[in-house]
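One structure is given here, and the rest of the page talks about it.
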Amino acid sequence: DGQAMDGMMGGWWGFGLLWMLFWIGVLVLLVVVIWRLLQGRAAAPGSPEESPLDILKRRYARGEIDRDEFEAKKRDLGYG
């Protein structure tokens, strides 16, 4: 009788361990996905790390502004 009970409890413990490992895996996956999203956002144009001069250069390179406007805005921003 005692051995049957030990065997049954061992089975339940193993099942609980698998569930615990499953949820730990889900949690780790969630953390990795959030981390990747935050890393991708930091590199995106318009992010806080991008300087006003970088934005101005990008607009000039795309042809949104001409050279005179680029130089005027650069002076306005204090870059010479």
Side-chain angles (χ1 to χ4, degrees):
D1 232 355
Q3 287 178 342
M5 207 48 162
D6 288 342
M8 190 165 60
M9 293 304 285
W12 281 110
W13 187 85
F15 183 72
L17 180 64
L18 287 177
W19 271 111
M20 186 174 70
L21 291 174
F22 169 77
W23 285 112
I24 288 172
V26 168
L27 184 62
V28 167
L29 182 64
L30 186 62
V31 167
V32 168
V33 167
I34 291 172
W35 180 263
R36 294 282 180 150
L37 288 174
L38 292 176
Q39 294 293 356
R41 178 181 293 174
S47 65
E49 291 83 15
E50 191 174 27
S51 74
L53 184 59
D54 292 333
I55 296 168
L56 190 60
K57 287 178 181 178
R58 187 167 25 94
R59 290 188 62 202
Y60 180 60
R62 288 183 183 163
E64 294 175 15
I65 58 175
D66 62 12
R67 182 173 177 78
D68 293 334
E69 192 174 358
F70 173 79
E71 292 298 331
K73 289 184 183 299
K74 192 167 91 170
R75 279 191 304 275
D76 289 347
L77 291 170
Y79 289 105

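In what follows, every heavy atom counts, from backbone to side chain, and hydrogens, waters and symmetry copies are set aside.
Between W19 and F22, the ring planes lie perpendicular to each other; the angle is over 60°, past the 30° to 60° tilted range.
Residues satisfying the salt bridge (Lys or Arg N to Asp or Glu O under 4.0 Å) criterion with E69, sequence neighbours excluded, are K73. Not counting sequence neighbours, K57 has no partner by the salt bridge (Lys or Arg N to Asp or Glu O under 4.0 Å) test.
The hydrophobic cluster containing L56, built from Ile/Leu/Val/Met/Phe/Trp/Tyr side-chain heavy atoms closer than 4.5 Å, also comprises L53, Y60, I65, F70, L77, Y79.
Two different hydrophobic clusters hold L27 and M20 under the rule that ILVMFWY side chains link at heavy-atom gaps under 4.5 Å. By the criterion of side-chain heavy atoms lying less than 4.5 angstrom apart, applied directly or through intervening Ile, Leu, Val, Met, Phe, Trp or Tyr residues, I24 is grouped together with L17 in one hydrophobic cluster. V26 and W35 sit in two unconnected hydrophobic clusters of ILVMFWY residues. Membership requires side-chain heavy atoms under 4.5 Å apart, directly or through other members.
Note that the CG atom of D66 and the CZ atom of R59 stand 10.5 Å from one another [nearest 0.5 Å].
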